[in-house]
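Read the structure below first, then the notes.
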Amino acid sequence: MAVVAVVTGAASGIGRATALALGARGLTVICADVDEERAAEVGVSYRVDVSDAAAMERFAAWVREEHGAPAVLVNNAGIGIGGSFFDHTVADWRRIVDVNLLGVVHGCLFFGPQLLERGRGHIVNAPPRRRTPRRGSCRRTARQRPAC
C-alpha cells in the first residue's frame, strides 16, 4: 500500500516544492489547490478551497476512499495582499483569515482523525510567508495619512 501525503496550496511556491520533494521520496502526493491544472503537474490533483469547511470535509472523505488515510498532511495553502493596510477592505481581511487560519483548522479537523485511526502520521502547518504588510508599512501609511 502506498504512503499518502496531502499538500494544500500545492500548485505553486513552497507547497509545490514540498509536493515534489515528497513525490521524489516515493509518496503518493495529493495536491490540493484552487488551481487544479497546475496542481496536476506535481501529483494527484484535487480542486478545493480550504476556507470552505464542507468542501474540505468532502476532500478528506475522497482521499480516504480513493487513496487511504494519509501519513502526512501539509497545510500550506495561503493568500496575501500587498500595498497599504488602508487600501484593503474588511472583506479582503476576512478572506485572508478564512484561507490562512480556517484552512489550517479545516485540514486538521478533517484529516487529523484519519491520521489518528492510522496510528501515526505527521501534520505540518506552514506559517504564512510574505502574507502580511512589510515591516513598517503601517507606520509609513500613518505618516502619509495624518488624519488616521
Side-chain angles (χ1 to χ4, degrees), residues 4-25 27-67 69-116 118 121-148:
V4 176
V6 173
V7 180
T8 67
S12 63
I14 291 173
R16 184 181 183 91
T18 301
L20 288 168
L22 292 168
R25 286 167 178 73
L27 281 74
T28 297
V29 184
I30 312 302
C31 298
D33 205 288
V34 293
D35 186 347
E36 187 175 13
E37 187 175 315
R38 284 199 31 99
E41 295 171 0
V42 293
V44 178
S45 67
Y46 190 97
R47 186 186 191 294
V48 67
D49 178 348
V50 297
S51 70
D52 181 337
M56 283 294 286
E57 189 170 22
R58 286 190 301 273
F59 172 47
W62 177 83
V63 169
R64 171 184 260 159
E65 291 167 14
E66 296 294 320
H67 301 280
V72 178
L73 168 64
V74 180
N75 285 310
N76 174 73
I79 60 172
I81 55 176
S84 168
F85 178 88
F86 298 106
D87 291 338
H88 303 288
T89 66
V90 170
D92 293 334
W93 290 106
R94 174 59 53 204
R95 180 72 180 142
I96 289 171
V97 169
D98 287 350
V99 172
N100 296 357
L101 175 61
L102 292 180
V104 171
V105 170
H106 297 152
C108 292
L109 279 175
F110 300 123
F111 283 102
Q114 292 184 32
L115 274 68
L116 287 173
R118 196 174 176 280
H122 304 279
I123 297 177
V124 178
N125 294 321
R129 295 144 319 269
R130 297 176 306 156
R131 295 188 181 127
T132 55
R134 290 186 314 263
R135 186 170 190 244
S137 66
C138 291
R139 278 182 269 141
R140 278 193 300 277
T141 300
R143 284 193 304 267
Q144 292 167 356
R145 299 182 183 185
C148 296

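We're numbering straight along the sequence, starting at 1.
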Q. Would Phe111 and Arg64 count as a side-chain contact (heavy atoms from CB on, under 4.5 Å) if you check the C-alpha gap in whole Å, the side-chain angles of each, and the deciding distance to 0.1 Å?
A. CA-CA 9 Å; Phe111 283 102; Arg64 171 184 260 159; over 6 Å; no
Q.
Consider side chain to side chain contact (heavy atoms under 4.5 Å, CB included). Of Ile123, Val44, Val63, which one does Val6 pass it with?
A. Val63
Q. Donor-acceptor pair, Ser45 side chain versus Ala39 backbone, under 3.5 Å?
A. no
**Q.** Value rounded to 0.5 Å, distance of CG in Leu102 from CG in Asp52
**A.** 11.0 Å
Q: Grab the two heavy atoms, one from Trp62 and one from His67, that are nearest each other, plus how far apart they are.
A: CH2-NE2, 3.7 Å
Q) Roughly how far apart are Ile30 CD1 and Leu73 CG, rounded to 0.5 Å? A) 12.0 Å
Q: Taking all heavy atoms of Phe110 and all of Ala53, pick out the closest pair and write down the distance.
A: CE1-O, 3.4 Å
Q) Any side-chain donor-acceptor pair under 3.5 Å between Arg95 and Ser51? A) yes
Q: Looking only at non-hydrogen atoms, find the nearest pair between Val42 and Cys31 and report the distance.
A: CG2-SG, 3.5 Å
(Q) Which heavy atom of Ala60 sits nearest to which heavy atom of Gln114, and what is that distance? (A) O-NE2, 2.9 Å
Q: Grab the two heavy atoms, one from Val74 and one from Leu22, that are nearest each other, plus how far apart they are.
A: CG2-CD1, 4.5 Å
**Q.** Other residues, nucleotides, ligands: >12 heavy atoms within 6.0 Å of Arg94 CZ
**A.** no
Q: Fit a plane to each ring of Trp93 and His88, take the angle between them on a 0 to 90° scale, and name the class: parallel (under 30°), tilted (30 to 60°) or perpendicular (over 60°).
A: perpendicular
Q. Which pair of heavy atoms, one from Asn75 and one from Gly103, lies closest together, and at what distance?
A. OD1-O, 4.1 Å
Q. To the nearest 0.5 Å, what is the distance between CG (Asn100) and CG (Asn76)?
A. 10.0 Å
Q: State, with a plain yes or no, whether a side-chain heavy atom of Asp33 is found less than 4.5 Å away from one of Arg47.
A: no
